[in-house]
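Below: one structure, written as structure tokens.
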Amino acid sequence: MIKAIFFDIDGTLTTTDSKVLASTREAIRLAQAQGIYCGVATGRGAVNIETRIDHLALDVFVLYNGQLVFTKDRDIYLRPFAPEVLQQIVTFADKEHRQIMFGGRYRTDGSHLMKWSQNSLLKKVAGWMPRWFPVRSTRRLLQDFSPNRQKSRYQKLSIIQEPIYQCVLFSAENEAQRLQELLPDCSFQRSNPYAVDIVPKNGSKYRGILEFIKASGIKPEEVMAFGDHYNDIEMIQKVGIGVAMGNALPEVKAQADYVTATNEKDGIYQAMKHFEII
């Protein structure tokens, strides 16, 4: 019996216009009426989260790829970077003049480019960009000619004195091994080809979900999860029912228990109906 359902946001819970379909709202309402917890498991942070989910009434929030977990009534799990690990990230970003954003509980700061990239409209534009977009050469161009290039640009930010749960780095996919070598105390979660989310080591959406269900007396097999990208694969593999959206990457679909319709075509409602959740 399913007791909790988690949804990725971009490409899953919301459409390309950042809206929640009427069918999705109805499916979640029907599930909640049965006492099923419904929440998000996302790389997004807490800033403007209500807008990100189109003001949908949810029960639990697994944010920053599992590093920040709370309900409407209480905090359940807060796992920021250890100070020395955050300093490693800041030193790396300053030394290489990288485009990076730091995510705290109540605000974000860092590269203007990375802050703008979190805008829903820009995420929609990014969805139209081809996978062969020259991320690596663009990154090098920004490193060499950024108008904000400074010796200690990020070291001076006041936000790094606060708990930081996730950093978002402009980065090509082929840089993964190098980043792991440079920042061995971090894990890397990717939801698009242009940027990577950096979190404390072994952090993931699934780990955040585990913290919630442990606090709520729920077993992993009593959880359902929906997603579409790389950072959704682990939770889709390990929960009781893992659902890939019709618009999901082939690698995600291969790991799912069920592939539903797209985020534009009532995919969430269809899957919840298929498994007789509603």
Which pair of non-hydrogen atoms, one from [X] and one from [Y], has the smallest distance, and what is that distance?
X: Gly227; Y: Val252; value: O-CG1, 4.2 Å
X: Ala225; Y: Ile236; value: O-CG1, 4.2 Å
X: Arg74; Y: Ser216; value: NH2-OG, 4.4 Å
X: Ala215; Y: Ile76; value: CB-CG2, 4.0 Å
X: Val199; Y: Asn65; value: CG1-CB, 4.1 Å
X: Ser23; Y: Asp266; value: OG-OD1, 2.6 Å

Would Glu222 and Lys219 count as a salt bridge (charged side-chain N to carboxylate O under 4.0 Å, His left out) here? Give the steps. CA-CA 5 Å; Glu222 296 173 324; Lys219 300 174 183 177; 5.4 Å; no
Under the 3.5 angstrom rule, does the side chain of [X] hit a backbone N or O of [Y] as a donor-acceptor pair?
X: Asn263; Y: Thr14; value: yes
X: Asp94; Y: Tyr154; value: yes
X: Tyr64; Y: Pro80; value: no
X: Asn192; Y: Ala195; value: yes
X: Ser152; Y: Gln155; value: no
X: Thr108; Y: Gly103; value: no
X: Gln88; Y: Leu182; value: no
X: Glu173; Y: Arg190; value: no
X: Gln161; Y: Ser158; value: no
X: Thr262; Y: Glu264; value: yes

Could you tell me whether [X] atom [atom1] has more than 12 heavy atoms of other residues or ligands within 6.0 Å of it?
X: Glu84; atom1: CD; answer: yes
X: Lys201; atom1: NZ; answer: yes
X: Tyr37; atom1: OH; answer: no
X: Lys265; atom1: NZ; answer: no

Single-linkage hydrophobic cluster, 4.5 Å side-chain cutoff, [X] and [Y] together:
X: Tyr165; Y: Val85; answer: no
X: Val243; Y: Ile233; answer: no
X: Ile277; Y: Val40; answer: yes
X: Leu63; Y: Ile5; answer: yes
X: Tyr269; Y: Met245; answer: yes

Passing candidate, side-chain contact (heavy atoms from CB on, under 4.5 Å) with Ser204, options Gln189, Lys238, Met235: Gln189
With Val196, which of Asn231, Val168, Leu179 fulfils side-chain contact (heavy atoms from CB on, under 4.5 Å)? Leu179
Can you tell me how far [atom2] of [Y] sits from [atom1] of [X], rounded to the nearest 0.5 angstrom?
X: Asn247; Y: Asp228; atom1: CG; atom2: CG; value: 5.5 Å
X: Ile198; Y: Leu169; atom1: CD1; atom2: CG; value: 4.5 Å
X: Gln166; Y: Arg44; atom1: CD; atom2: CZ; value: 10.5 Å
X: Thr16; Y: Asp10; atom1: OG1; atom2: CG; value: 11.0 Å
X: Arg79; Y: Gln67; atom1: CZ; atom2: CD; value: 5.5 Å
X: Gln32; Y: Ile36; atom1: CD; atom2: CD1; value: 9.5 Å

For the pair Leu13 and Arg52, evaluate side chain to side chain contact (heavy atoms under 4.5 Å, CB included) and give the outcome as yes or no after the intermediate values. CA-CA 10 Å; Leu13 185 67; Arg52 303 292 188 196; over 6 Å; no
Would a 4.5 Å heavy-atom cut-off, applied to side chains only, mark [X] and [Y] as touching?
X: Ile2; Y: Val223; answer: no
X: Gln180; Y: Gln177; answer: no
X: Pro220; Y: Leu210; answer: yes
X: His55; Y: Thr51; answer: yes
X: Leu86; Y: Phe102; answer: yes
X: Ile49; Y: Ile9; answer: yes
X: His274; Y: Thr260; answer: no
X: Cys186; Y: Phe81; answer: yes

Does Ile100 form a side chain to side chain contact (heavy atoms under 4.5 Å, CB included) with Ile89? I'd like the steps, not just the answer. CA-CA 10 Å; Ile100 193 170; Ile89 298 170; 3.7 Å; yes
Does the distance from a Lys or Arg side-chain N to an Asp or Glu carboxylate O, for [X] and [Y], drop under 4.0 Å?
X: Glu26; Y: Arg29; value: yes
X: Glu221; Y: Lys3; value: no
X: Lys205; Y: Glu211; value: no

Is the positively charged end of Arg105 above the ring of Phe70, judged by distance under 6.0 angstrom from the centroid and angle within 45° of the axis? yes
May I have the step-by-step check of side chain to side chain contact (heavy atoms under 4.5 Å, CB included) for Tyr230 and Glu251, ending in yes or no? CA-CA 8 Å; Tyr230 293 124; Glu251 297 92 328; 3.2 Å; yes
Quick one: do Phe212 and Tyr77 satisfy ring pair (Phe, Tyr, Trp, His ring centres under 6.0 Å)? Show the steps, please. CA-CA 8 Å; Phe212 170 74; Tyr77 182 65; over 10 Å; no
Stepwise side chain to side chain contact (heavy atoms under 4.5 Å, CB included) test for Phe61 and Leu68: CA-CA 8 Å; Phe61 299 85; Leu68 180 60; over 6 Å; no
Would you please indicate if the ring centroids of Phe6 and Phe226 are separated by under 6.0 Å? no
Which word best sums up how the rings of Tyr258 and Phe275 line up, parallel for under 30°, tilted for 30 to 60°, or perpendicular for over 60°? perpendicular
